[in-house]
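Notes for the one structure printed next.
It should be emphasised that the depicted structure is a prediction, and the values quoted were computed from it without experimental measurement. Any value given below was found using the heavy atoms of this structure, including those in side chains, with hydrogens, waters and symmetry copies removed.
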Amino acid sequence: MHFSWRLAAGTLVLGLVAASASAQEIKPERAIKYRQGVLGAMGWHFGILGSMAKGEQPYDKDVALRSATFVQQLSHMPWDGFVAGSDKGAPTKARPEVWKEPAKFKERQQALMAATPKLVTAANTGDVAQLRTAVGSVGGACKDCHDDFREK
């Protein structure tokens, strides 16, 4: 019973912190750093999967599943960092089209988020051929977005 109260109190505190953070205006440079951090972490783990898929490092099902799970989870996160005004404020490779073509940008986000669960499924099979196919699909979703919305 005592643990339940701690859990409830912790949840309440986290909720209040989140509410106050979202109520504050996000500074553009902070949003840029946030999205770059998330995308960097996603790239790190996707790189591990890509190396396995290409045979550059031995296939390890546990490592693949861990990285695929992280990529899937992270794929939902960077979009919060594309707030109004975050086209400036810190170095960024985001093109103006992010804000000029929000529907198309949202489509690209959705495509990535739809492809990443297949990456987890493939990694969980232990079959490098299935992983290779899923890596290609996720990589294609990344490329499509980068082609339209990221400076080279």
Side-chain angles (χ1 to χ4, degrees), residues 10-54 56-57 59 61-152:
T11 302
L12 177 62
V13 168
L14 287 174
L16 292 172
V17 169
S20 69
S22 65
Q24 298 173 6
E25 185 176 324
I26 298 170
K27 294 184 180 183
E29 56 275 354
R30 185 165 179 191
I32 293 167
K33 288 180 183 180
Y34 167 78
R35 69 185 185 230
Q36 289 172 342
V38 173
L39 290 165
M42 192 178 342
W44 175 274
H45 289 285
F46 191 69
I48 292 168
L49 297 166
S51 291
M52 287 183 194
K54 292 177 190 172
E56 296 171 351
Q57 77 179 55
Y59 183 77
K61 179 183 174 183
D62 293 333
V63 172
L65 183 57
R66 180 177 186 268
S67 285
T69 300
F70 286 154
V71 169
Q72 192 275 324
Q73 292 168 342
L74 289 164
S75 73
H76 295 268
M77 296 174 62
W79 322 119
D80 293 341
F82 287 91
V83 298
S86 68
D87 54 332
K88 300 175 186 77
T92 178
K93 291 184 177 182
R95 294 173 61 189
E97 286 76 9
V98 167
W99 294 272
K100 291 178 184 173
E101 300 177 39
K104 186 175 180 182
F105 187 54
K106 183 77 169 174
E107 266 181 38
R108 297 292 192 250
Q109 295 169 28
Q110 295 295 329
L112 175 64
M113 291 186 291
T116 58
K118 297 169 189 164
L119 190 63
V120 175
T121 300
N124 200 35
T125 68
D127 180 359
V128 73
Q130 288 187 41
L131 180 69
R132 191 174 299 118
T133 299
V135 164
S137 295
V138 172
C142 291
K143 182 184 180 317
D144 288 346
C145 191
H146 287 186
D147 286 351
D148 293 334
F149 298 105
R150 183 177 185 225
E151 294 293 340
K152 307 247 184 251

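Within the 3.5 Å criterion, the main-chain N or O of S75 finds a donor-acceptor partner in the side chain of W79.
Note that the OG1 atom of T116 and the CZ atom of F70 stand 14.0 Å from one another [nearest 0.5 Å]. In this structure, the separation between CD on Q130 and OG1 on T133 is 7.5 Å, given to the nearest 0.5 Å. The CG atom of L65 sits 10.0 Å away from the OG1 atom of T125 when rounded to the nearest 0.5 Å. To the nearest 0.5 Å, atom CG of residue L131 and atom CG of residue L119 are 6.0 Å apart. Taking CG of D80 as the start and OH of Y34 as the end, the distance is 5.0 Å to the nearest 0.5 Å. Between R30 atom CZ and K33 atom NZ the span is 10.5 Å, to the nearest 0.5 Å.
Looking at residues two or more places apart in sequence or on another chain, you find a side chain to side chain contact (heavy atoms under 4.5 Å, CB included) between S67 and H45, I48, L49. Partners of S51 under the side chain to side chain contact (heavy atoms under 4.5 Å, CB included) rule, at least two apart in sequence or in another chain, are E56, Q57. Here K143 pairs with D147 under the salt bridge (charged side-chain N to carboxylate O under 4.0 Å, His left out) rule; sequence neighbours left out. Scanning for salt bridge (charged side-chain N to carboxylate O under 4.0 Å, His left out) contacts around D148 gives K104, R108, with sequence neighbours left out. In this view, H76 and Q72 satisfy the side chain to side chain donor-acceptor pair (under 3.5 Å) rule, not counting sequence neighbours. In this structure, the side chain to side chain contact (heavy atoms under 4.5 Å, CB included) partners of A41, at least two apart in sequence or on a different chain, are L74. Here E29 pairs with nothing under the salt bridge (charged side-chain N to carboxylate O under 4.0 Å, His left out) rule; sequence neighbours left out. Under the side chain to side chain contact (heavy atoms under 4.5 Å, CB included) criterion, D62 pairs with D60, not counting sequence neighbours.
Among residues at least two apart or in separate chains, there is no salt bridge (Lys or Arg N to Asp or Glu O under 4.0 Å) pair with a member in residues 111-140. Judged as a ring-ring contact (aromatic ring centres under 6.0 Å, His included), the pairs with a partner in residues 124-152 (not counting sequence neighbours) are, in order, F105-F149. The stretch residues 84-93 participates, sequence neighbours left out, in these side-chain hydrogen bond (donor to acceptor under 3.5 Å, both in side chains) pairs: R35-S86, R35-T92. For residues 109-142, there are no ring-ring contact (aromatic ring centres under 6.0 Å, His included) pairs, not counting sequence neighbours.
Of all heavy-atom pairs spanning Q36 and P91, the tightest one is NE2-O, 3.0 Å. Minimum heavy-atom separation, Y59 to A123: OH-O, 3.1 Å. Nearest heavy atom pair, residue G81 against residue A31, reads O-CB, 3.3 Å. Heavy atoms only, all atoms of each residue included: A134 and A122 are closest at CB-CB, 3.7 Å. Residue A94 comes nearest to F82 through the heavy atom pair CB-CE2, 4.1 Å, listed as atom of the first residue, atom of the second, then distance.
Considering only heavy atoms from C-beta on, C145 stays 4.5 Å or farther from R150 through its side chain.
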**Message:** side chain to side chain contact (heavy atoms under 4.5 Å, CB included) for V135 and M52? Distances and angles first, verdict last.
**Reply:** CA-CA 10 Å; V135 164; M52 287 183 194; over 6 Å; no
